[in-house]
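Numbers here are sequence positions counted from 1.
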Amino acid sequence: MYQQQLYWYIRRIVLVHEDAEDILQDTFIKAYRNLWKLRNSDALKPWLYRIATNEINRYFRKRREVVPMEHLPDSEPAGTDTVTSGKVAEIISSAFLQMSPLQREVFSLKYYEDLDYVQISRITGSSTNTLMVSYHEARKKIEKEINR
């Protein structure tokens with residue numbers, strides 16, 4: 001049910017398709033192994049996003065390198081529930097290359113997943129103030145790309 005949403009959340013942050021697939025697989029394996037710990041089934045979606053976020057952080061700690069410029073994220077395929085047009089997707093993709101992983105994460109959760117800062121804070125473990133600043137910085141980078 002959440003596979004496509006989680007994939008695009010991860011992909012927007014790590015940018016590389018193969019890495020996003022690996023992280024997604026690790027996310028679902030960890031969720032399956034720990035499903036017994038989930039007390040409230042209504043909390044499944046944020047719980048999965050939290051696991052994905054932890055896996056993304058583990059990925060960046062392990063890699064400790066910048067994603068090459070040639071790995072621009074693709075725009076989403078037709079039929080996804082994320083609304084982007086070709087030009088908007090191109091601008092955001094270009095701006096994502098200038099963002100930190102946290103900025104990409106916050107922007108993805110706020111813009112694409114329509115979560116509020118409290119929900120994002122639960123997923124990322126960052127304070128709402130940090131998230132607001134990161135989102136603001138991400139928007140500034142996108143605005144800079146628009147004005148180019």
Side-chain angles (χ1 to χ4, degrees), residues 1-77 79-84 88-143 145:
M1 181 182 338
Y2 297 109
Q3 181 177 355
Q4 191 172 23
Q5 289 177 322
L6 278 171
Y7 168 80
W8 282 108
Y9 164 65
I10 295 164
R11 174 69 187 272
R12 287 182 196 104
I13 297 167
V14 300
L15 305 177
V16 180
H17 166 72
E18 291 80 8
D19 293 339
E21 282 187 330
D22 290 344
I23 293 169
L24 181 65
Q25 181 177 348
D26 291 343
T27 297
F28 281 118
I29 289 170
K30 285 201 174 155
Y32 178 76
R33 288 182 180 157
N34 293 291
L35 194 56
W36 63 273
K37 294 179 181 178
L38 183 65
R39 299 188 198 285
N40 179 359
S41 62
D42 292 338
L44 178 61
K45 184 176 179 179
W47 184 64
L48 288 171
Y49 275 84
R50 181 67 200 157
I51 294 170
T53 299
N54 289 339
E55 290 302 305
I56 290 165
N57 291 335
R58 190 173 64 76
Y59 162 83
F60 280 115
R61 280 192 307 272
K62 189 170 75 174
R63 285 208 41 204
R64 299 246 190 247
E65 54 187 56
V66 177
V67 176
M69 291 290 284
E70 62 267 13
H71 292 296
L72 283 169
D74 300 328
S75 59
E76 284 119 42
T80 63
D81 54 11
T82 303
V83 180
T84 59
V88 172
E90 183 181 317
I91 290 168
I92 291 173
S93 293
S94 180
F96 265 32
L97 293 172
Q98 301 168 30
M99 293 181 194
S100 71
L102 179 61
Q103 289 169 344
R104 288 192 297 246
E105 185 176 11
V106 172
F107 185 84
S108 293
L109 289 169
K110 183 119 179 83
Y111 180 79
Y112 291 107
E113 305 301 327
D114 198 30
L115 299 178
D116 62 39
Y117 290 115
V118 173
Q119 294 168 314
I120 298 170
S121 177
R122 287 187 196 127
I123 291 169
T124 63
S126 297
S127 73
T128 55
N129 287 340
T130 299
L131 298 173
M132 285 188 252
V133 169
S134 293
Y135 184 74
H136 176 74
E137 292 297 318
R139 284 185 52 114
K140 281 179 25 183
K141 289 176 181 177
I142 291 169
E143 289 170 7
E145 284 299 311

Q) Hey, what do you get for CD (Glu145) to CD (Gln98), rounding to the nearest 0.5 Å? A) 4.5 Å

Q: Kindly give the heavy-atom pair with the smallest separation between Leu6 and Ala52, and that separation in Å.
A: CD2-CB, 4.0 Å

Q: Could you pull out all residues at least two apart from Lys140 that satisfy salt bridge (Lys or Arg N to Asp or Glu O under 4.0 Å)?
A: Glu137

(Q) I need the full list of side-chain hydrogen bond (donor to acceptor under 3.5 Å, both in side chains) pairs touching residues 25-39, with sequence neighbours left out, sorted by first then second residue. (A) Asp26-Arg58, Lys30-Glu55, Asn34-Lys37

Q | Heavy-atom closest contact (Ile120 atom, Val106 atom, distance) | A | CD1-O, 4.2 Å

**Q.** Residue list, ring-ring contact (aromatic ring centres under 6.0 Å, His included) with Tyr7, at least two apart or on another chain
**A.** His17

Q: Kindly indicate, with the supporting measurements, whether the criterion side chain to side chain contact (heavy atoms under 4.5 Å, CB included) is fulfilled by Leu44 and Tyr49.
A: CA-CA 9 Å; Leu44 178 61; Tyr49 275 84; over 6 Å; no

Q: Please identify each residue that fulfils side chain to side chain contact (heavy atoms under 4.5 Å, CB included) with Asp114, with sequence neighbours left out.
A: none

Q.
Is the ring pair Tyr135/Phe107 parallel, tilted or perpendicular, if the boundaries are 30 and 60 degrees?
A. parallel

**Q.** Non-hydrogen side-chain atoms of Ile13 and Phe60 separated by less than 4.5 Å
**A.** yes

Q) Does any donor atom in the side chain of Glu105 or Thr53 lie under 3.5 Å from an acceptor atom in the other side chain? A) yes

Q: Output the distance between atom CD1 (Ile10) and atom CG (Leu24), rounded to the nearest 0.5 Å.
A: 5.0 Å

Q.
Closer than 3.5 angstrom, by distance alone: can the side chain of Arg12 be matched with the main-chain N or O of Ser108 as a donor-acceptor pair?
A. no

(Q) How close do Ser100 and Lys141 get, counting heavy atoms only, and between which atoms? (A) N-NZ, 4.5 Å

Q) Which pair of non-hydrogen atoms, one from Met99 and one from Ala138, has the smallest distance, and what is that distance? A) CE-O, 3.5 Å

**Q.** OH on Tyr9 to CD on Glu113, rounded to 0.5 Å
**A.** 8.5 Å

Q) What pairs meet the side-chain hydrogen bond (donor to acceptor under 3.5 Å, both in side chains) rule with one or both residues in residues 116-125, with sequence neighbours excluded? A) none

Q: Check Arg11 against Ala20 and note the closest heavy-atom contact, atom names and distance.
A: CA-CB, 3.8 Å

Q) Roughly how far, to the nearest 0.5 Å, is the CG atom of Asn129 from the OG atom of Ser134? A) 10.5 Å

**Q.** Test salt bridge (Lys or Arg N to Asp or Glu O under 4.0 Å) applied to Glu21 - qualifying residues, sequence neighbours left out
**A.** none

Q) Strictly by modelled atom types, are Gln5 and Tyr112 linked by a side-chain donor-acceptor pair under 3.5 Å? A) no

Q: Starting at CD1 of Ile56, measure out to CD1 of Ile51 and round the result to the nearest 0.5 Å.
A: 12.0 Å

Q) Crowded around Arg50 CZ? As in, over 12 foreign heavy atoms under 6.0 Å? A) yes

(Q) I need the Leu131 CG to Leu115 CG distance, nearest 0.5 Å. (A) 11.0 Å

